[in-house]
Every structure is written in structure tokens, then in C-alpha cells.
Amino acid sequence: MFSLVLFAQANGAAATLPGMGAPGQSADPPYLRIAAELRERIASGELRPGQKVPSTRRITQEWGVAMATATKVLAVLRREGLVRAVPGVGTVVHRPDEAPEAEPGPAPARATGPGARGARRGGRRREAEPALNRERVVRTAVAIADAQGSGALSMRGIATELGVSTMALYRHVAGKDELVELMADAVFGDVELPAHAPADWRGRLEESARLQWALYRRHPWLAKVMSFTRPLLSRNAIALMEWSLEPVRDLGLTAEELLHVSVTVSGYVRGVAVNLEDEAEAEQDTGLTNDEWLETREGRMGELLASGHYPVYERVFAQQDFDFSLDSMFTFGLARMLDGLGVFLERR
């Protein structure tokens, strides 16, 4: 398919960041300097309320820093109430008329004395344990991935968002691998099956594919974490696959064929959906929708087609009023794939 991603060039290494002191002089960490620059742009009105601020990916490109540093930058601005994460959009400048994002409350008072642990250890206040649980960790991780992409997902970034130490997260999840598995299970659990499910094999598989496509649309990061060779052990994902195969299992297929039918349909949906996050990030980074970006390439495409070497594409681009999008690709390909499965099942 056409490349939908327009990459910006990095502006140099961290050593050339504005405001960095000369060698041997003390200087603030890079994430604080970058946060100060963005804070100034917000204060001056260059970045207005509701407008998107640079994504973590854009920060890594423009300032030449690591993803972890870029994540810290946005975390600092969120803690200051200057920006907020909006799922499906990205991080935007906070509007004055909006209620500030909820911050974790202070830790409850703890008893002191013999046998009791103090409220402080090593000079740091301990996190309010009752306020933090696995569900909150997982849902916070999902919100970060929805708003900023899978590249912004890190244990440190989640801890910063929650206002706790990174080690506090490990009391609830073993690590990032388990967290991602829990995230996938959580969002698959949000899928609502239709009250009146199609009873025929084709209708059921098509409905299942559309439910999965809608899920990937809501969570563009999900497609890249799914795998069909080393699948995530998600009860909710397995339940959806079980539901989709109910009319198929009575068609006399072998266990091997049944599994391949399931993976073929789900794998097709995922194969198209892996482009969703790239497209969303490209739109955030460039400020251009897919159609707007393609318009900027019309001149170059016209030069290529004028050579006469590409008659098929010349015919395609001569017609301007057709729909070509990830949604149209998904719909067209799904119908053709189900046509093929129909031929296979008739022969069986």
C-alpha cells in the first residue's frame, strides 16, 4: 500500500540542545530543558488550548533524545496541569475551562511505634497502597498507549502518570510483558457481542472480523502486540474466537483446519490493522490527515505517471472519486477472503 508516514528529520544530538551548558558545567536533565521549551511555547500562545503538543515520537526526532526521555517530558507537563492525554488524539494543551486531571491523593497516615512501619523510608513518602491496584495500572497503561502510541508505553512512564514509584507497579504486575498481556485481555473484555448473532458460518466470521476491526480502531497499539505464533494468553480474546467458530465447528473440519480458519480470519484483520498506529502517529507528527498528505504528493506522483511506464497506476489516479482507505481495504479484502473460504468449505 502507499506509505502514509512522513518522517521528520531529527535536529541533532542531545549535546546541541538549546540551553545546554558548556562541557564541565552543571545543567538540567534533557527532559527538563525540553519541558521548559514546551512550557514557554504554551505560555506564549504558540501552542494554544486544545492544540496537540509534540508526541513522544516527535520529541525523540526533533530533540534527538530517547523515548524514555520524551515520555518524561510529557509527564512533567501533565503534572503541572499544562497538558492532558486525549485517547485517540494525543496530548493536548489543557483548556482553562476544563477540570484538572485527577491526581493521586496523599498517603493515609500510618501508625508509628514498635512493630509499625513509618510513613517515610529513605526520606520519601510511601505510596497510598489502597489507591493503587492492578486494574488501575492496566487501565492507565491502556490510556497512555491509546493517546501516545505503543512506543510511549513504559513502566516508568506509567508510574509517573500514576504519581508512584516504578517499583510500586511491580507489586501488581510482574513486568511489561505481563502488563501488555493484561492490557490486551482488558480491551478484548470490552467487546460487546451482538444480542442476535449470525447463525451461519460466513455471517459469524464476518461479524467477528468486524468486531476485531472496531477494537483495533479504538486501540491502534493492539495489533502490534498481538501474535498468532506466540499468542497472548487472553481469556477474553479466546472467548471471542470461540464464539466466532461456533457455526464452523459443526462443518466436519479437522482440528487443524478449524484452527487455520480461525487464524486466517483473525490474522487478516490484524494484518490490515497494524497500519492504524503508524497512520495515527503520522497524523500527529505532521498535522496532516491521510488525504491532506496525499494531496502534497500529487505533483511528484504526476511526474512519475507522465513517464508512461505505469499505465495501471495512471488509470487508477485518473479517477479521483473513489474511496481508498484502511477501512475500504479491510472491507474489500474481508469479502474476498470469505469467498475463498466458501470455495474451500464447498469442496470439503
Side-chain angles (χ1 to χ4, degrees), residues 2-23 25-95 101 143-161 220-221 224 275-297 300:
F2 302 116
S3 173
L4 304 180
V5 184
L6 186 62
F7 291 101
Q9 297 296 320
N11 288 335
T16 62
L17 286 171
M20 177 173 287
Q25 294 181 346
S26 62
D28 290 333
Y31 77 94
L32 290 180
R33 292 194 295 275
I34 300 172
E37 286 190 37
L38 294 177
R39 190 185 301 113
E40 177 62 28
R41 291 169 64 181
I42 293 172
S44 68
E46 181 182 347
L47 290 173
R48 300 181 300 278
Q51 186 175 350
K52 288 186 292 187
V53 299
S55 64
T56 50
R57 178 179 165 197
R58 187 64 175 267
I59 292 172
T60 63
Q61 294 169 344
E62 290 193 4
W63 279 273
V65 295
M67 182 62 72
T69 299
T71 302
K72 286 183 179 180
V73 172
L74 297 184
V76 167
L77 298 178
R78 280 198 299 272
R79 286 200 303 271
E80 295 175 353
L82 296 176
V83 301
R84 62 190 299 265
V86 179
V89 177
T91 302
V92 303
V93 178
H94 193 81
R95 294 182 182 277
E101 292 184 306
I144 290 175
D146 284 349
Q148 302 178 40
S150 57
L153 192 65
S154 69
M155 299 297 282
R156 181 178 295 179
I158 297 166
T160 300
E161 182 72 17
W221 54 268
K224 291 184 178 179
N275 298 284
L276 290 170
E277 185 175 49
D278 290 339
E279 183 176 339
E281 289 180 348
E283 184 170 336
Q284 286 187 24
D285 289 347
T286 64
L288 300 174
T289 66
N290 179 34
D291 289 340
E292 291 170 342
W293 182 82
L294 288 175
E295 288 177 1
T296 68
R297 312 299 291 172
R300 177 57 178 159

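Being a predicted model, the structure only gives us computed values, none of them experimental. Numbers here are sequence positions counted from 1.
Proximity of Val53 to Leu82: side-chain heavy atoms (C-beta onward) are nowhere separated by under 4.5 Å. Here the side chains of Lys72 and Ile34 are not in contact, with every heavy-atom distance at 4.5 Å or above.
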>> Before you tell me yes or no, could you show the steps for Ile42 and Val83 under side chain to side chain contact (heavy atoms under 4.5 Å, CB included), namely the whole-Å CA-CA distance, both residues' side-chain angles and the distance that decides it to 0.1 Å?
In response: CA-CA 9 Å; Ile42 293 172; Val83 301; 4.0 Å; yes

> So Asp278 and Lys224, side chain to side chain contact (heavy atoms under 4.5 Å, CB included) or not? Walk me through it.
Replying inline: CA-CA 10 Å; Asp278 290 339; Lys224 291 184 178 179; 2.8 Å; yes

> Is there a side chain to side chain contact (heavy atoms under 4.5 Å, CB included) between Leu153 and Trp221 once you walk through the steps?
Replying inline: CA-CA 10 Å; Leu153 192 65; Trp221 54 268; over 6 Å; no

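The two residues Leu47 and Pro54 have their closest heavy-atom pair at CD1-CD, 4.5 Å. Shown here for Val76 and Ala35, the closest heavy-atom pair between the two residues is CG1-CB, 4.0 Å.
Sorted by first and then second residue, the salt bridge (charged side-chain N to carboxylate O under 4.0 Å, His left out) pairs with a member in residues 40-55 read Arg41-Glu46; sequence neighbours excluded.
Residues satisfying the side chain to side chain donor-acceptor pair (under 3.5 Å) criterion with Thr160, sequence neighbours excluded, are absent altogether.
Within the model, atoms CG of Leu74 and CZ of Arg84 stand 14.0 Å from one another, a figure rounded to the nearest 0.5 Å. Here Arg79 contributes atom CZ and Glu161 contributes atom CD; the two are 9.5 Å apart, rounded to the nearest 0.5 Å.
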